[in-house]
Number of protein chains: 2
Amino acid sequence: MYGYADKVFSRQPHAGMKPEYHREEPLLHHTVDCVILGFHRTELHVLLHRFPYKPYQGHWALLGGFVDSSVSLDEAALQTVRRLTGLDNIYMEQVYTFGNVGRVPTERVITTCYYALIPVEPTLDQLSPEYEATWHPISQVQNLALVYDHPAMLDKAIEQLRHRVRFQPIGFELLPEKFTMTELRQLYESILGRPLDKRNFTKKVQAMDLLEKLDEKQKDTSKRGAFYFRFDPERYQQYLRDGFLFAL
Amino acid sequence: MYGYADKVFSRQPHAGMKPEYHREEPLLHHTVDCVILGFHRTELHVLLHRFPYKPYQGHWALLGGFVDSSVSLDEAALQTVRRLTGLDNIYMEQVYTFGNVGRVPTERVITTCYYALIPVEPTLDQLSPEYEATWHPISQVQNLALVYDHPAMLDKAIEQLRHRVRFQPIGFELLPEKFTMTELRQLYESILGRPLDKRNFTKKVQAMDLLEKLDEKQKDTSKRGAFYFRFDPERYQQYLRDGFLFAL
DNA sequence: ACAAAAGTGTTTATTGTACACCCATGC
DNA sequence: GCATGGGTGTACAATAAACACTTTTGT
């Protein structure tokens with residue numbers, strides 16, 4: 001998957017077509033785990049839940065789910081996010097598949113990791129309560145002792161997002177409809193993990209002709225106020241399709 | 001996996017540890033498919049075999065294999081290459097996991113795609129004959145009607161190799177010990193799918209201080225002869241670890 | 001009046017790109 | 001002597017990076 005979900009619905013699952021040469025082949029458990037990312041305040045956050053099973057009960061973990069034979073991997077990942085957040089039509093991307101034998105001590109299971117980009121605010125008070133899920137700033141996660149190889153999953157997801165950010169726009173998925181230039185820059189700073197020059201950043205963003213400056217100002221963070229911008233949806237879609245090179 | 005195989009051996013496979021919450025979960029077939037790449041003459045080639053099962057019997061396909069619960073995904077991929085070529089200690093990288101429901105018409109199977117980089121010459125007359133495998137120039141493969149979603153796998157593998165080539169050295173895996181500057185350039189041209197300026201290429205490669213110029217000349221392709229080079233193993237390993245930026 | 005964040009251009013250094021001729025040799 | 005691929009340097013353009021002061025306004 002790359003971008004928004006292709007709607008691939010399940011069909012009659014191979015009824016009676018199972019060929020001879022598959023009959024005797026090994027069967028495995030397969031799960032998806034989702035690195036659900038959002039931008040809140042000045043930093044990227046990840047949505048974690050408290051792991052409910054021993055021996056890691058109570059530890060923080062990415063949310064995941066088993067894949068059964070009626071859904072695609074992509075759908076399974078989408079369902080996981082939907083189950084937790086209620087959100088649909090989510091931007092997701094596959095990251096990597098973790099398949100070492102001992103990665104989950106109690107069980108052989110292969111896990112495909114996805115990351116999802118979602119807006120944080122809509123989820124703040126409607127996270128499905130059964131999961132005890134909360135948002136954590138990316139910079140704090142290393143202190144959290146995630147279960148299994150979830151730290152590696154998170155690393156790989158961030159690495160991939162860092163790469164992606166250079167070739168396609170991502171703000172739409174993570175920012176509210178209206179946002180200030182400072183917010184956009186802080187988003188990129190948080191993803192890339194380093195400060196960016198304010199003037200050069202503004203220059204480059206404006207050169208892409210992707211933003212529309214609004215008349216309205218945000219006055220929360222300064223007396224003077226900062227102009228809001230929003231994405232030009234057409235240019236945004238075009239860049240999603242064609243890509244760009246956003247050297248920061 | 002990234003680079004050479006970690007030797008992860010199987011251990012006692014979870015005997016008696018299966019937790020309650022896994023007992024009832026769905027089981028699936030999982031395979032690995034390998035895009036085995038090599039550089040021959042002036043072009044990148046891919047090793048394909050004739051698919052032995054209906055309904056695609058006789059079509060060209062990537063070689064793959066089932067994953068069972070005693071081996072990691074990486075090991076399964078290595079075994080696949082070893083089975084076909086007899087080669088061990090292969091450079092491999094995971095590409096993507098394909099998990100749509102209908103991707104294999106007869107069966108629900110999830111497949112993780114890897115690419116492997118190997119030298120072609122050692123394999124030329126010792127390919128395991130039971131597979132009817134042969135090398136095909138990358139530029140010709142689109143005419144070949146590969147089975148299932150193997151065309152997409154090949155595309156993704158090449159795309160990833162193109163990306164990789166910009167950040168880490170790869171010649172060691174694909175070239176003989178001694179090679180000419182022209183051969184090295186043709187390798188990069190074939191991977192990137194576009195011509196590269198001879199002078200600029202030489203300049204950039206030499207600036208990396210990665211090659212050692214030998215006294216010996218290759219005289220096959222010209223009267224004048226071309227100097228052989230070889231990689232400086234230490235610098236090569238260093239670049240593999242630390243990466244570089246090789247803007248071509 | 002002052003604190004706090006917003007906004008705005010220029011200069012310099014670096015890097016990428018384009019380009020053409022002579023060289024060495026085997027036939 | 002000529003055909004074939006091998007080998008080499010320079011000039012120009014584009015891009016990235018560094019950098020500091022003025023503006024606005026709520027308190």
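All of these numbers come straight from a predicted model, not from anything done at the bench. Every chain is numbered from 1, with letters handed out A, B, ... down the list of sequences.
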How would you label the contact of [X] with the nucleic acid (heavy atoms, under 4.0 Å): base, sugar-phosphate, or nothing?
{"X": "A:Thr182", "answer": "sugar-phosphate"}
{"X": "A:Lys198", "answer": "base"}
{"X": "A:Thr180", "answer": "nothing"}

Are more than 12 heavy atoms from other residues, nucleotides or ligands located less than 6.0 Å from atom CD of B:Glu177?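 Check fails, neighbour count at 12 or below.
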Looking at A:Lys203 and D:dT15, is any side-chain donor or acceptor paired with a base atom of the opposite kind under 3.5 Å? no
Under the 3.5 Å rule, do the base of D:dA16 and the side chain of A:Asn200 count as making a donor-acceptor pair?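 Not at all, since no donor on one side and acceptor on the other fall under 3.5 Å apart.
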Sorted by position of nearest nucleotide on DNA chain D, 5' first, the leading residue of A:Lys217 and A:Lys204 is A:Lys204
[N] [atom2] sits how many Å from [X] [atom1], rounded?
{"X": "A:Lys219", "N": "C:dA4", "atom1": "NZ", "atom2": "C1'", "answer": "12 Å"}
{"X": "A:Phe246", "N": "D:dT15", "atom1": "CZ", "atom2": "C1'", "answer": "14 Å"}
{"X": "B:Arg199", "N": "C:dA20", "atom1": "CZ", "atom2": "C1'", "answer": "6 Å"}
{"X": "B:Gln218", "N": "D:dT4", "atom1": "CD", "atom2": "C1'", "answer": "14 Å"}

Which sits closer to the 5' end of DNA chain C, A:Lys213 or B:Arg224, going by the nucleotide each is nearest to? A:Lys213
DNA chain D contacts made by residues 205-212 of chain B, counting heavy atoms under 4.0 Å: none
Distance col, row A:Leu78:CG vs A:Tyr91:OH, nearest 0.5 angstrom, shows 12.0 Å
Tell me whether the NZ or CZ atom of B:Lys217 lies within the 45° cone about the ring axis of B:Phe227 and under 6.0 Å from its centre. yes
If we ignore hydrogens and angles and just use 3.5 Å, is the side chain of B:Thr123 paired with the main-chain N or O of B:Val120 as donor and acceptor? yes
